[in-house]
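Here's the structure we're looking at; comments come further down.
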Amino acid sequence: MSKLDEVLNLAKIKGYFWPAYDVYGGSSGFYVLGPYGVILTNGITSLWRQLFVRPMGFLEIDAPSVTPYKVLKSSGHVDNFKDPMAECSNCHNKYRADNLLSEAGKEISESASPEAMQLALNDDHIRCPNCGFTNWVVKPFMTMFSTNIGPYENSEGFLRPETAQGIFVEFQRLLSLNRGKLPMGVSQAGRGFRNEISPRQSIIRLREFHMLEVELFIDPAAKVSVIRPSEKRLPILHEAILSAGRAEPDHLTLVEALDKGIVKNEWLGMFMQLSLELLCNLGVPVERQRFREKLKGERAHYSAQTFDHEVFIEEVGWLEVAGHAYRTDYDLKSHMKGSGQDMTVSVDLESPISVPKKKVNFRIDALKLRYPESWQGILAGGYRLDENGVLFNGTPIDRDVYTINETVEVVKVRKIIPHVVEPSFGLERLMLACMYFAYQKKDDRIVLSVPGGVIKRVAAVFPLLSKPELTLRAQEVRERLLKAGIDVIYDDSGSIGRRYARVDEAGVPIAITIDHQSLEDGTVTVRNRDTWEQVRKPEDQLVSFMESLSLY
RNA sequence: GCGGGACUGGUCUAGUCUGGUCUAGGACGUCAGCCUCCCAAGCUGGAGAUCCCGGGUUCAAAUCCCGGGUCCCGCACCA
């Protein structure tokens, strides 16, 4: 049994996650997060908040999943998530129809209908790369879930394929909540939906999953003073390495990566550094991590540069757990165009600049007399002003009909469309990576050594024996910890060893045991999940002791 | 979607080839009680499976046949 299988098995037995809708035969691509899965993903989410949201004062919102057609039309998703799938009618292999055509040297518009593509493929006798057959059927495959909003027919909507769009469309209000300041970070933890053709490998490819995203809006021209969470070297498999056909990443500091132009944006680099930090905190060794640059053809339609943060898992290979994308001004531009709303931001200039301005004042009566045919066109703005005077359709206009007013305008702001830098995590994959590296065997027993800081403020409380005097006292300790905001798993069944084993598998960092001595002097034993060592502590110091532990 | 394999209590599995002895056996887990002063111990008792679903063949189906579902592995797909 491979390690991954053992981890998945543990997940099944202990109820971290399992396939949903089992009683109806199941539905591929949907999973339930069980009680321990919720504890773990909550822990990961709050760690993400600690690293990616709080320190920079980013905002966090929770926007709807159901998204109107127009929003995703403007964002480009409607067109880009709809793949024309060409199926070979002989071997039934499927390909992107437009890829087949462009490989054969045939140009076809991306917006061509499936029928047109089918016709083009068959008329040109393009062969199936697999079997050589030349009969194609082309159908669109929509990888977004569509739905109707309300009872009306032309109110199509989709389940969001990313949480990001819910942030972009609220940009103006968010900016005013941020009192107009850039950079502005807005985060969102929520569900994303993608109608995958074939979901696979347990929770690695799901149709509904959890995302942790930040959209950082920046002024691309602004000087950046970026927080540097650490000076750990980033393992980067960048374009130059990839196109040279190599697979060994460069190990660069953030400064080096930026200086060499490998990472094109300082914020993007900072997020990569934070991402490395997050994964290290989840217990993934640095040497099992890398940032792989997405090449031009692999990138999403909105991206100017993307690095996938990947984790190496033996049985899977390099697994993408995050995408860090420099989205430029694509998103806001698209929504400005689509909605007709102004999403530009006025940025204060460091020092105001004076711009000399020349204004033409026409003497209307003279203009009408001199140019009876074209005066209306001239006044409508069809003229140009250069050092030689006013030109209309390239011909100088008689100087008698106008005067030039020279003024100086003081400009204090710049109008910009902010650029967006986005770190985006798949929560289920983070959980899997965390579990994979936390999974340990100790004396033939399973211990989920989830690093400190992930499962926080959770403790087990046990009476040493299931005797009333001990169980009652243990319940009191439980109450006390609950009141201090600590989640308690209480258990008095079976033997003490069995109970320790159960919480070890769940990754609960410490177990507190009440024995006879506790009844006499009010002390309890505190057992460490990883070392199984116990220390004796007074009951009333438990909370402060737990807070002092590195586990917390 | 295609090809291959699999599917029996919560988990792992015996039984399937060669239909009847299966009212489906075991182990682990789980629950209750007893015992137990620290790591899945022991004892007693209990619950838990229309054998993935639907149809067919047969006197008789977990077992054979057909269709479907889900999972795993390859291929393709992953904006």
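Lettering of chains follows the sequences in order, A, B, ..., and the numbering in each one begins at 1. Keep in mind it's a predicted model, so treat the numbers as computed, not measured.
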Nearest-Å distance, [atom1] ([X]) to [atom2] ([N])?
{"X": "A/Ile514", "N": "B/C38", "atom1": "CD1", "atom2": "C1'", "value": "13 Å"}
{"X": "A/Leu464", "N": "B/C35", "atom1": "CG", "atom2": "C1'", "value": "13 Å"}
{"X": "A/Tyr500", "N": "B/A41", "atom1": "OH", "atom2": "C1'", "value": "16 Å"}
{"X": "A/Ile496", "N": "B/C35", "atom1": "CD1", "atom2": "C1'", "value": "15 Å"}
{"X": "A/Asp492", "N": "B/C34", "atom1": "CG", "atom2": "P", "value": "12 Å"}
{"X": "A/Gln534", "N": "B/C38", "atom1": "CD", "atom2": "P", "value": "10 Å"}
{"X": "A/Phe462", "N": "B/C37", "atom1": "CZ", "atom2": "C1'", "value": "16 Å"}
{"X": "A/Tyr21", "N": "B/C53", "atom1": "OH", "atom2": "C1'", "value": "19 Å"}

Does a donor on one side chain sit under 3.5 Å from an acceptor on the other, for A/Ser75 and A/Tyr330?
no
Go through [options] for me and flag the one nearest to the [X] side chain.
{"X": "A/Arg205", "options": "B/C37, B/A76, B/A40", "value": "B/A76"}
{"X": "A/Lys467", "options": "B/C38, B/U36, B/A40", "value": "B/U36"}
{"X": "A/Leu465", "options": "B/A32, B/C37, B/C39", "value": "B/C37"}
{"X": "A/His516", "options": "B/C37, B/C35, B/C39", "value": "B/C37"}

May I ask you to check whether A/His324 and A/Phe425 place their ring centres under 6.0 Å from each other?
yes
Output all residues satisfying side-chain hydrogen bond (donor to acceptor under 3.5 Å, both in side chains) with [X], sequence neighbours left out; order by chain, then residue number.
{"X": "A/Asp22", "result": "none"}
{"X": "A/Tyr439", "result": "A/Glu6"}
{"X": "A/Lys70", "result": "none"}
{"X": "A/Tyr36", "result": "none"}

Work out which heavy atom in A/Cys434 is nearest to a heavy atom in A/Leu282; give both atom names and the distance.
SG-O, 3.6 Å
In whole Å, what separates the [atom1] atom of [N] from that of [M]?
{"N": "B/U8", "M": "B/U63", "atom1": "P", "result": "14 Å"}
{"N": "B/C52", "M": "B/U16", "atom1": "P", "result": "15 Å"}
{"N": "B/A24", "M": "B/G67", "atom1": "C1'", "result": "26 Å"}
{"N": "B/U23", "M": "B/G29", "atom1": "C1'", "result": "25 Å"}
{"N": "B/U57", "M": "B/G1", "atom1": "P", "result": "29 Å"}
{"N": "B/U21", "M": "B/A14", "atom1": "C1'", "result": "16 Å"}
{"N": "B/G26", "M": "B/G48", "atom1": "P", "result": "15 Å"}
{"N": "B/C22", "M": "B/C17", "atom1": "P", "result": "16 Å"}

When we call it a touch if two heavy atoms are under 4.0 Å apart, what does A/Glu505 touch: a base, just sugar-phosphate, or nothing?
base
How is A/Arg499 classified with respect to the nucleic acid when contacts are heavy atoms under 4.0 Å: base, sugar-phosphate, or nothing?
nothing
Please write out the pairs of protein N or O atoms and N or O atoms of nucleotides 8-14 of chain B separated by less than 3.5 Å, giving the distance to one decimal.
unit_1 : atom_1 : unit_2  : atom_2 : d
B/C12  : OP1    : A/Lys12 : NZ     : 3.3

Salt bridge (charged side-chain N to carboxylate O under 4.0 Å, His left out) contacts in which one or both residues fall within residues 25-39 of chain A, not counting sequence neighbours
none
Can you sort out the partners of A/Phe171 under ring-ring contact (aromatic ring centres under 6.0 Å, His included), two or more places apart, ordered by chain and number?
A/Phe217
Output a table of nitrogen or oxygen pairs between the protein and nucleotides 68-72 of chain B separated by less than 3.5 Å.
unit_1 : atom_1 : unit_2   : atom_2 : d
B/G69  : O2'    : A/Gly25  : O      : 2.8
B/U70  : O4'    : A/Gly25  : O      : 3.2
B/C71  : OP1    : A/Ser28  : OG     : 3.4
B/C71  : OP2    : A/Ser28  : OG     : 3.3
B/C72  : OP1    : A/Ser202 : N      : 2.9

So, is A/Thr513 near the phosphate of B/C38, with a side-chain N or O under 4.0 Å from OP1 or OP2?
no
Verify the contact: side-chain N or O of A/Arg498 to OP1 or OP2 of B/G29, cut-off strictly under 4.0 Å; return yes or no.
yes
Kindly say whether A/Ser65 contributes a backbone atom to a donor-acceptor pair with the side chain of A/Thr67 at under 3.5 angstrom?
yes
Determine whether a donor-acceptor pair (one donor, one acceptor, N or O, separation below 3.5 Å) exists between the side chain of A/Asp515 and the base of B/C38.
yes
Taking donor-acceptor contacts at under 3.5 Å, does the side chain of A/Arg445 reach the base of B/C39?
yes
Would you list the pairs meeting side-chain hydrogen bond (donor to acceptor under 3.5 Å, both in side chains) in which at least one residue belongs to residues 418-438 of chain A, sequence neighbours left out?
A/His210-A/Glu428, A/Glu213-A/Ser424, A/Glu315-A/Tyr436, A/Tyr326-A/His419, A/Arg327-A/Glu422
Residue met sooner reading RNA chain B from 5', once A/Ser493 and A/Trp532 are mapped to nucleotides:
A/Ser493
Non-hydrogen side-chain atoms of A/Val316 and A/Val311 separated by less than 4.5 Å:
no
Hey, could you give me each pair passing ring-ring contact (aromatic ring centres under 6.0 Å, His included) that has a residue in residues 508-543 of chain A? Not counting sequence neighbours.
none
Sequence neighbours left out, what passes side-chain contact (heavy atoms from CB on, under 4.5 Å) with A/Lys264? Give chain and number order.
A/Gln305
What stems, by residue range, does RNA chain B take part in, given at least 3 consecutive Watson-Crick or G-U pairs under 3.5 Å?
B:1-7 with B:69-75, B:10-13 with B:25-28, B:30-34 with B:42-46, B:52-56 with B:64-68
